[in-house]
Amino acid sequence: MINLIQNNQQLLALGALILLVIAVLWALQYGLIRYGQKILTHARHYWKEIKQYLSQSRRLIKLRNNYPKQYDALSQRLTVKHFYGLPLTLLILIMGYILALFFGLVEDVVTSDTIVAMDYFASQQMSMLSESPIVKFFILITSFASTATTCLIVFLTCVLCWVTRQRYILIGLLVAVLGSTIFTFLSKLLFQRDRPVDILLFEQTDSFPSGHATITVALYGFLAYLAIRFSRTFSHQVRIVVMTVFFSILVGLSRIVLNEHYLSDVLGGYLVGALWLTVAISVTEWLSANHRIDWQIEWSAAHVLLVWLSVIGVIIGTVLYAILYQFPLLL
């Protein structure tokens, strides 16, 4: 038994990590479904109380009288009545925070900080799994973020948007996909980081950031956002978020397990994807505020069937892509 554990330390550690992620996400999902709406209700109540208190503050009243234009501009940034108020303010703050994290990660990678030592350690450990059957599973997972699958998903989403007459959604979709792809391509050219030595699938592009991690967050995150916006049930919305996060983590793990990327490459990809996802959501919400998108449409049986056929088509296409193209690339 001890010998079995010693000979499979990396595989057991990987399994334990996945189980830990599942447990944390399940607990988060359970807590949000049970207490999420109550928390939101209390948050709205406290926000109203804070606004009422601030409106009676003598200092703010004096500020409003002395600087009416500046006060009005500031108050507009905090209103929740329209998209150009608090929602846009939060989206800008989120984008700024993601950019700050990305530049901090870049600095750590360039200066060979602690993150680089972690990169080499994780790569060395994963290289010991090259003969493990788990490799085939992660090849299939990583194929869901391949260029071929991405193009198929974008095409099918375009068809769905066209059929349901929600064509302005395509603007946000293209912003997420094209923006993240171009940003990743330029970043690879800029940093020119070599891939890990024990790479399992032959790749010609540079390592930082991970394009698969980027497109997973940008594309699948945007699809999850659309599903949440069209969904009218809070519990379904929470489950969509949790499933998308878990899937994104699996794709990121697949790049590390297959030694296609270092850990920091995947983290950088997540940040780039999150940045362009936020931009795409901002653009889509702006279009929605201008009544270009109808989130309350009635989905007919034909529309629902088309969605499920698209999902099945993506799964079948990805499996065929993995079998016919990815597996023969094993080094």
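Numbering starts at 1 and runs along the sequence shown.
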Linked hydrophobic residues, I39 as query - side chain contacts closer than 4.5 Å: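 Y35, which link up through side-chain heavy atoms under 4.5 Å apart, make up the rest of the cluster.
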Could you state whether W26 and L253 fall into the same hydrophobic cluster, counting links through intermediate Ile, Leu, Val, Met, Phe, Trp or Tyr residues with side-chain heavy atoms under 4.5 angstrom apart?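 Different clusters: W26 never reaches L253 through Ile, Leu, Val, Met, Phe, Trp or Tyr contacts under 4.5 Å.
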In terms of hydrophobic clustering (I, L, V, M, F, W, Y; side-chain heavy atoms under 4.5 Å; direct or indirect links), are F155 and V163 co-clustered?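 Both belong to a single hydrophobic cluster.
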Would you please name every residue forming a ring pair (Phe, Tyr, Trp, His ring centres under 6.0 Å) with Y270, sequence neighbours left out?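 With sequence neighbours excluded, Y270 shows a ring pair (Phe, Tyr, Trp, His ring centres under 6.0 Å) to no residue whatsoever.
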When rounded to the nearest 0.5 angstrom, what is the spacing between [atom1] in [X] and [atom2] in [Y]?
X	Y	atom1	atom2	result
L173	C161	CG	SG	7.0 Å
L306	L156	CG	CG	8.0 Å
L160	L309	CG	CG	10.0 Å
S235	I240	OG	CD1	9.5 Å
S288	I281	OG	CD1	12.5 Å

Do any pairs count as a side-chain hydrogen bond (donor to acceptor under 3.5 Å, both in side chains) and have a residue in residues 218-230, sequence neighbours left out, and if so which ones?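 Checked against side-chain hydrogen bond (donor to acceptor under 3.5 Å, both in side chains) - neighbours excluded - the pairs reaching residues 218-230 are Y225-E285, R229-E285.
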The criterion is salt bridge (charged side-chain N to carboxylate O under 4.0 Å, His left out); which residues satisfy it with R232, sequence neighbours excluded?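 If we apply the salt bridge (charged side-chain N to carboxylate O under 4.0 Å, His left out) test to R232, skipping adjacent residues, the hits are E298.
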What residues, two or more places apart in sequence or in another chain, satisfy salt bridge (charged side-chain N to carboxylate O under 4.0 Å, His left out) together with R239?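 Salt bridge (charged side-chain N to carboxylate O under 4.0 Å, His left out) check on R239 returns nothing, list empty.
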Decide whether [X] and [Y] meet the rule of one side-chain donor and one side-chain acceptor closer than 3.5 Å.
X	Y	answer
D265	S207	yes
S146	T149	yes
R193	S264	yes

Report yes or no: does Q29 contribute a side-chain atom to a donor-acceptor pair with the main-chain N or O of V242 at less than 3.5 Å?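 Flag not set: sc Q29 to bb V242 has no pair under 3.5 Å.
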Any sub-3.5 Å donor-acceptor pair from N290's side-chain atoms to R292's backbone N or O?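 No.
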Over 12 foreign heavy atoms within 6.0 Å of CZ, R34: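 No - once you tally the heavy atoms of other residues, nucleotides and ligands closer than 6.0 Å, there are 12 at most.
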Kindly assign one of parallel, tilted or perpendicular to the pair F102 and F208, based on the angle between their ring planes and the thresholds 30° and 60°.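 Parallel, since the angle between the ring planes stays under 30°.
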Results of side chain to side chain contact (heavy atoms under 4.5 Å, CB included) for Y97 - residues two or more places apart only: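 Expected list: L101.
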Within the 6.0 Å centroid threshold, strictly below: F222 and W276: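 No - the distance between ring centres of F222 and W276 does not fall below the 6.0 Å cut-off.
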Which residue in the set T181, I153, T147 passes side chain to side chain contact (heavy atoms under 4.5 Å, CB included) when paired with I215?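 Going through the options one by one, the only one that passes is T181.
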Would a 4.5 Å heavy-atom cut-off, applied to side chains only, mark M243 and F247 as touching?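 With C-beta onward as the side chain, the pair stays apart.
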Heavy-atom distance under 4.5 Å between the side chains of I115 and L267, does that happen here?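 Touching, per the 4.5 Å side-chain cut-off.
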